[in-house]
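To keep things clear, I will list the structure first and then write my remarks on it.
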Protein chains: 2
Amino acid sequence: MTNHTTHATISVTVDVVLFCMYNTTLHILLIERKYPPYAGAWAIPGGFVDADESLAHAARRELFEETNVSDVYIEQFYTFGDPGRDPRRQSVSVAHIGLCRTPPQLATSDETPQVQWHPLTQLPPVLAFDHHQIIAMAWSRLQAQLESTTIAFELLPTQFTIADVHHVYQQILGESLDFATFQRALTATGTLIPAPDQTQHHFCLKPDLGAGQFIFRWRDARHAIA
Amino acid sequence: MTNHTTHATISVTVDVVLFCMYNTTLHILLIERKYPPYAGAWAIPGGFVDADESLAHAARRELFEETNVSDVYIEQFYTFGDPGRDPRRQSVSVAHIGLCRTPPQLATSDETPQVQWHPLTQLPPVLAFDHHQIIAMAWSRLQAQLESTTIAFELLPTQFTIADVHHVYQQILGESLDFATFQRALTATGTLIPAPDQTQHHFCLKPDLGAGQFIFRWRDARHAIA
DNA sequence: GCAAAAGTGTTGCGAGTACACCCATGT
DNA sequence: ACATGGGTGTACTCGCAACACTTTTGC
């Protein structure tokens, strides 16, 4: 912060690993690159940060421009800046996790001929840049946050059954969980309230939940993650 | 990643919140800024990323140039990029946690008239830029990692007693922990081995520990964090 | 329509476990 | 001062099974 000499010109980009429940399994959104480098390869959406724009805003904007997806939950999780990760120039990518509730309407643009959901367990063997690493880290971060945040509910409608939540947790963790125990642990968080205008069995999250108010205590889930 | 138009020129900087046990309590390293903006205010060390340099390398280099501290553990934790966080220009700061084992020899430079340890619980009321927020987030991340990583051992010599570890954990969490329970939980991780060339009561970490191999299971510690 | 089936939420129980607390011992 | 173990009582976890209720399905 005190260096007054000239410094390197580095591009600042944002990338988004967008998760969604699609056909009852966890998918992420990939686009096909039109131009080199990695022309024809699949990549996660992303692009340059504009002037006077926050990182989260840039992530949402690029996602919308390239895939027509809007209204998603966005959360930054890591920044990738190894020299050589972009063969053209030195570039730093602030990577984000994106979660959306129901598969939104996709649309291609001039720049992105293909936009498609891919099952998390069957990704294309080669991806552009270091995107394989970014996706792996996004998934692992998503798993780690299940215990302490309500992040999984961003993959569900605002009203949901406990069975829905159970299914999402199983998908993210990649293992099956005893339902009764899951249900107890979930209600024990004290963050669920019955959905107002719905038939039975539907709940929604308490509004204005602060950070750290959601504690999902489940010992064996922690075992499995580690 | 596909945008070929010109884009904003954004500075990429790194900042380091360097933790250290100093006089048996947890301190962080601050420098006094010499030039505007925030001339005279305290700040965490940091600066611009050079050409063909990784982010971690930049963090280590800036830390050394500004404070003469080297050989520290560095780990990235968040990137701050709100417009306006630097009044001069749009700038993105990739923030890092730094941990060092014993208070190293400090040295000022032309650019940094003052380099000093500050107790984490008594920071100067005003800090440069958004550094207060950065420090708060670094501390909270450090706490969260105690359960699942060996990060706390980076604050200790390579050989240590269990009481040393106990003390560090208490400092980071800001609360006292029952020693007997702590000792049992720590040895239960199976990651400690007796120190080779030392008198009794000294241990060191198992070498080549992989990620996820350290699980510190302690219910009430989790209670307190949340 | 009606009965069977499937889905959903809830409760009880028992075996095993984790934990806090205190103290004793050896080094 | 440090590491270690014992002992105890409490509280909790988890998986399994059973049950009540609703919605859907099939005939």
Side-chain angles (χ1 to χ4, degrees), chain A residues 21 23-24 146-148 152-153 156-171 173 175-206 214-226, chain B residues 21 23-24 146-148 152-153 156-171 173 175-206 214-226:
Chain A
M21 294 302 294
N23 275 347
T24 74
L146 285 187
E147 311 172 34
S148 55
F153 296 88
L156 290 167
T158 48
Q159 303 193 357
F160 46 80
T161 67
I162 296 184
D164 293 334
V165 189
H166 178 235
H167 181 244
V168 167
Y169 268 68
Q170 285 187 146
Q171 281 292 309
L173 291 174
E175 64 174 340
S176 55
L177 308 169
D178 176 75
F179 181 79
T181 311
F182 182 89
Q183 183 266 137
R184 260 190 280 251
L186 184 56
T187 54
T189 63
T191 55
L192 290 192
I193 55 177
D197 55 283
Q198 194 80 13
T199 69
Q200 284 187 327
H201 304 320
H202 279 75
F203 298 85
C204 54
L205 273 183
K206 243 184 201 163
F214 183 86
I215 304 181
F216 196 100
R217 186 178 293 295
W218 199 2
R219 192 204 299 151
D220 277 313
R222 302 193 62 220
H223 261 304
I225 291 173
Chain B
M21 295 301 296
N23 276 348
T24 74
L146 284 188
E147 311 173 40
S148 55
F153 295 88
L156 289 167
T158 48
Q159 303 192 357
F160 46 81
T161 68
I162 294 184
D164 293 335
V165 189
H166 178 236
H167 181 243
V168 167
Y169 267 69
Q170 285 187 145
Q171 282 292 309
L173 291 174
E175 64 173 341
S176 55
L177 309 169
D178 176 74
F179 180 80
T181 310
F182 182 89
Q183 185 267 134
R184 262 188 269 257
L186 184 55
T187 54
T189 64
T191 56
L192 290 192
I193 56 177
D197 54 283
Q198 193 80 13
T199 70
Q200 287 186 325
H201 306 322
H202 280 75
F203 298 85
C204 53
L205 274 183
K206 245 185 203 163
F214 184 87
I215 304 180
F216 197 98
R217 185 179 294 295
W218 200 1
R219 191 204 299 149
D220 278 312
R222 303 195 64 217
H223 261 306
I225 291 172

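What's counted below: heavy atoms across the whole structure, side chains too, no hydrogens, waters or symmetry copies.
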Item to check | Gap between atoms CG and C1', on A/Leu186 and D/dC14 respectively (whole Å) | outcome: 16 Å
Item to check | Test log, rule side-chain contact (heavy atoms from CB on, under 4.5 Å), inputs A/Leu146 and A/Phe214 | outcome: CA-CA 10 Å; A/Leu146 285 187; A/Phe214 183 86; over 6 Å; no
Checklist entry - Going by heavy atoms in the side chains, are B/Leu192 and B/Phe160 under 4.5 Å from each other? => result yes
Checklist outcome for this item: When rounded to whole Å, the CZ to C1' distance for the pair A/Phe179 and C/dG7 reads 10 Å
Checklist entry - How far does OG1 of A/Thr161 sit from NE2 of A/His167, to the nearest 0.5 angstrom? => result 11.0 Å
Next on the checklist: Please confirm whether the shortest side-chain N or O distance from B/Thr161 to OP1 or OP2 of D/dA3 is below 4.0 Å.
Outcome noted: yes
Checklist entry - When rounded to the nearest 0.5 angstrom, what distance separates OG1 in B/Thr191 from CZ in B/Phe216? => result 9.5 Å
Item to check | B/Arg184 CZ to C/dC19 P, straight-line distance once rounded to whole Å | outcome: 11 Å
Item to check | Difference in axis direction between the ends of the helix from C/dG1-D/dC27 to C/dT27-D/dA1, five pairs, 10° | outcome: 30°
Item to check | Closest non-hydrogen atom pair, B/Gln170 against B/Ser176 | outcome: OE1-CA, 3.2 Å
Checklist entry - Rounding to a whole Å, what distance do you find between B/Phe182:CZ and C/dA18:C1'? => result 17 Å
Next on the checklist: side-chain contact (heavy atoms from CB on, under 4.5 Å), that's the test. Do A/Ile215 and A/Thr189 meet it? Break it down for me.
Outcome noted: CA-CA 6 Å; A/Ile215 304 181; A/Thr189 63; 5.8 Å; no
Checklist entry - Under 30°, 30 to 60°, or over 60°: which ring-plane class applies to A/Phe179 and A/His166, parallel, tilted or perpendicular? => result perpendicular
Pairs under 3.5 angstrom, nitrogen or oxygen only, protein versus nucleotides 24-27 of chain C, please.
{"from": "C/dT27", "atom 1": "O3'", "to": "B/Gln200", "atom 2": "OE1", "distance (Å)": "2.9"}
{"from": "C/dT27", "atom 1": "O3'", "to": "B/Gln200", "atom 2": "NE2", "distance (Å)": "3.3"}

Next on the checklist: Taking only side-chain N and O atoms of A/Gln183, does any of them lie within less than 4.0 angstrom of OP1 or OP2 on C/dT8?
Outcome noted: no
Next on the checklist: Which label fits B/Phe153 and B/Tyr169: parallel for a plane angle under 30°, tilted from 30 to 60°, or perpendicular past 60°?
Outcome noted: perpendicular
Next on the checklist: Please find the pair of heavy atoms, one from A/Ile193 and one from A/Lys206, that lie closest to each other, and give the distance.
Outcome noted: CG2-CG, 3.9 Å
Next on the checklist: At 4.0 Å (heavy atoms only), tell me whether B/Phe160 reaches a base, stays on the sugar-phosphate, or touches nothing.
Outcome noted: nothing
Item to check | Separation of D/dA3 P from B/His202 NE2 (nearest whole Å) | outcome: 8 Å
Item to check | Candidates D/dC2, D/dC16, C/dG9 - which lies nearest the side chain of A/Ile162 | outcome: C/dG9
Checklist entry - Between B/Thr181 and C/dA20, is there a side-chain N or O to OP1/OP2 distance below 4.0 Å? => result yes
Checklist entry - In whole angstroms, how far is the P atom of D/dG15 from the NE2 atom of A/His166? => result 10 Å
Next on the checklist: Whole angstroms only, please: what is the CG-C1' distance between A/Leu177 and D/dC16?
Outcome noted: 16 Å
Checklist entry - Checking all strands, does A/Ala180 fall into the base, sugar-phosphate, or nothing category for heavy-atom contacts under 4.0 angstrom? => result base
Item to check | Whole-Å distance separating the CG atom of B/Asp178 from the P atom of D/dC2 | outcome: 15 Å
